[in-house]
Amino acid sequence: MKFAITTIAMLLATANATASADQRIATFDLGSLDTLDALGLNEQVVGVPKASLPDYLEQYAADDVTDIGGLRSPDMDSLGESEPSLILYTGRQGEWEEELGEIAPLLNTSLQGDDYLTSFDANVRELASRLAVESKAEEALVTLHAEIETQREALSNAPRTLVVTHNGGNLMLNQHPVVHDVLGIATVEMPASVTSETRGTRTFTPLSPEAVSEIDPEVVLVVDRSAAIGDEPADADALAKTLLDAGAEKARVVMLTPALWYLSGGGLQSLALQVEEVAAALN
């Protein structure tokens, strides 16, 4: 069943009339940007990282919105010139937290904790509270949760699914919370031949074509980091052939929308779109 983003938009059509007018928001968090957009608060957005905008948020590339730099390279001068009263940021901008705080008050909108939906709901409610659109946010959350529950039930007998990230021709395991926690798709057990690597505070699990064959998935969902950041994208047909040649005969490769899954996420619109994509791939 296709999740209608327009349903949320219709529920929130009057949000501008009730929103607080005293906030000028610069956001490095694209998930929060799409929540603000869904809540009808577009006129209060004064700065975004334009080079990273996914297609469904391309309207924020307009000249009346300031380009505040990259997700990992904030433009402090431009950010200051946008005169924000609130800056939204995530861990990607953590090393600039002090400098950002000298420009305007900050709100860290990273999704915290092990319960993705609980953290997601808290972020939406926090933004709504700061902008006086609480009732609209609650309506949107009710609609979204109802659709998630519908899709969880529809996917209760989903095919054996592996989620991977593609980066520079390599694959890594991606235990994506939208797939496994929100939609309840079972994770697949890793064979003994698959080992993880720790780099700093992060752990990565590389997957060779032979490892994918040993895992024996029916569907491989691919988050293409390379495509999302402007590098050479994965070739879906070539990837499918490589996996087939390695013995993964049952694996059907499905490419997820790169920017949606790697750059935005965590917003009212992006979570709805992600649920829709997974449902379309697995139903």
Side-chain angles (χ1 to χ4, degrees), residues 1-5 31 34 54 111-121 123-124 141 143-167 171-194 196 202-209 211-225 227-228 234 236 239-240 243-244 246 248-283:
M1 181 172 115
K2 184 178 177 64
F3 181 82
I5 296 298
D34 94 35
L111 293 178
Q112 307 286 348
D114 296 330
D115 190 322
Y116 186 91
L117 270 182
T118 296
S119 182
F120 171 87
D121 290 351
N123 270 12
V124 171
L141 287 171
T143 300
L144 180 57
H145 277 261
E147 178 61 19
I148 289 170
E149 188 57 35
T150 296
Q151 295 299 355
R152 279 181 68 96
E153 293 177 6
L155 294 168
S156 59
N157 293 311
R160 185 174 170 83
T161 302
L162 174 68
V163 188
V164 301
T165 297
H166 166 263
N167 185 35
L171 300 180
M172 291 192 182
L173 178 66
N174 184 335
Q175 303 278 35
H176 204 288
V178 172
V179 178
H180 300 301
D181 299 338
V182 175
L183 288 172
I185 307 300
T187 58
V188 291
E189 185 177 349
M190 292 295 104
S193 61
V194 173
S196 298
R202 302 181 66 188
T203 300
F204 300 87
T205 305
L207 295 175
S208 66
V212 174
S213 174
E214 194 173 352
I215 294 166
D216 195 30
E218 296 173 81
V219 179
V220 179
L221 301 178
V222 183
V223 177
D224 193 351
R225 178 186 184 276
L239 176 57
L243 296 180
L244 178 62
E249 298 177 357
K250 295 186 295 187
R252 175 168 58 89
V253 173
V254 178
M255 306 299 297
L256 300 173
T257 301
L260 173 65
W261 287 84
Y262 189 75
L263 297 178
S264 56
L268 283 170
Q269 296 180 75
S270 53
L271 181 52
L273 289 166
Q274 288 172 327
V275 166
E276 179 184 323
E277 281 203 351
V278 175
L282 301 184
N283 276 330

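All heavy atoms count here, side chains included; hydrogens, waters and symmetry mates do not.
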[atom1]/[X] to [atom2]/[Y] distance, rounded to the nearest 0.5 angstrom?
| X | Y | atom1 | atom2 | value |
| --- | --- | --- | --- | --- |
| Leu271 | Glu276 | CG | CD | 11.5 Å |
| Leu144 | Glu149 | CG | CD | 12.0 Å |
| Thr118 | Asn123 | OG1 | CG | 11.5 Å |
| Tyr262 | Asn167 | OH | CG | 7.0 Å |

Practice prompt. For the pair Val164 and Val223, evaluate side chain to side chain contact (heavy atoms under 4.5 Å, CB included) and give the outcome as yes or no after the intermediate values.
Written response: CA-CA 6 Å; Val164 301; Val223 177; over 6 Å; no
Closest contact, heavy atoms only, [X] versus [Y]:
| X | Y | value |
| --- | --- | --- |
| Gln274 | Gly265 | NE2-CA, 4.0 Å |
| Ala211 | Val194 | CB-CG2, 3.8 Å |
| Met172 | Pro206 | CG-CA, 4.1 Å |
| Ala234 | Asp224 | N-OD2, 2.8 Å |
| Leu282 | Ala158 | CD1-CB, 4.3 Å |
| Pro217 | Val212 | CD-O, 3.2 Å |

Worksheet, complete the sentence: Which of Thr161, Ile185, Asn174 passes side-chain contact (heavy atoms from CB on, under 4.5 Å) with His180? It is Ile185
Worksheet, complete the sentence: Only residue of Thr187, Leu207, Asp216, Val219 satisfying side-chain contact (heavy atoms from CB on, under 4.5 Å) with Leu162 is Leu207
Discussion item. For a side chain to side chain contact (heavy atoms under 4.5 Å, CB included) check, start with the C-alpha distance between Val163 and Val222, then their side-chain angles and the critical distance, and finish with the verdict.
Written reply: CA-CA 6 Å; Val163 188; Val222 183; over 6 Å; no
Worksheet item: Could you give all pairs that pass the salt bridge (Lys or Arg N to Asp or Glu O under 4.0 Å) test and reach residues 151-162, with sequence neighbours left out?
Response: none
Fill in: Steps toward side chain to side chain contact (heavy atoms under 4.5 Å, CB included) verdict (Ile148, Thr150)
CA-CA 5 Å; Ile148 289 170; Thr150 296; over 6 Å; no
Worksheet entry | Side-chain donor/acceptor of Asp34 to backbone N/O of Leu268, under 3.5 Å | yes
Worksheet item: Donor-acceptor pair, Thr205 side chain versus Leu173 backbone, under 3.5 Å?
Response: no
Practice prompt. Using a 4.5 Å cut-off on heavy atoms from C-beta on, say whether the side chain of Leu141 contacts that of Phe120.
Written response: yes
Worksheet item: Is the shortest heavy-atom distance from the side chain of Leu221 to the side chain of Val253 under 4.5 Å?
Response: no
Fill in: side-chain hydrogen bond (donor to acceptor under 3.5 Å, both in side chains) partners of Glu277, counting only residues at least two apart
Thr257, Trp261
Fill in: Side-chain donor-acceptor pair present, Ser264, Ser270, cut-off under 3.5 Å
no
Worksheet item: Are side-chain N/O atoms of Asp181 and His176 paired as donor and acceptor at under 3.5 Å?
Response: no
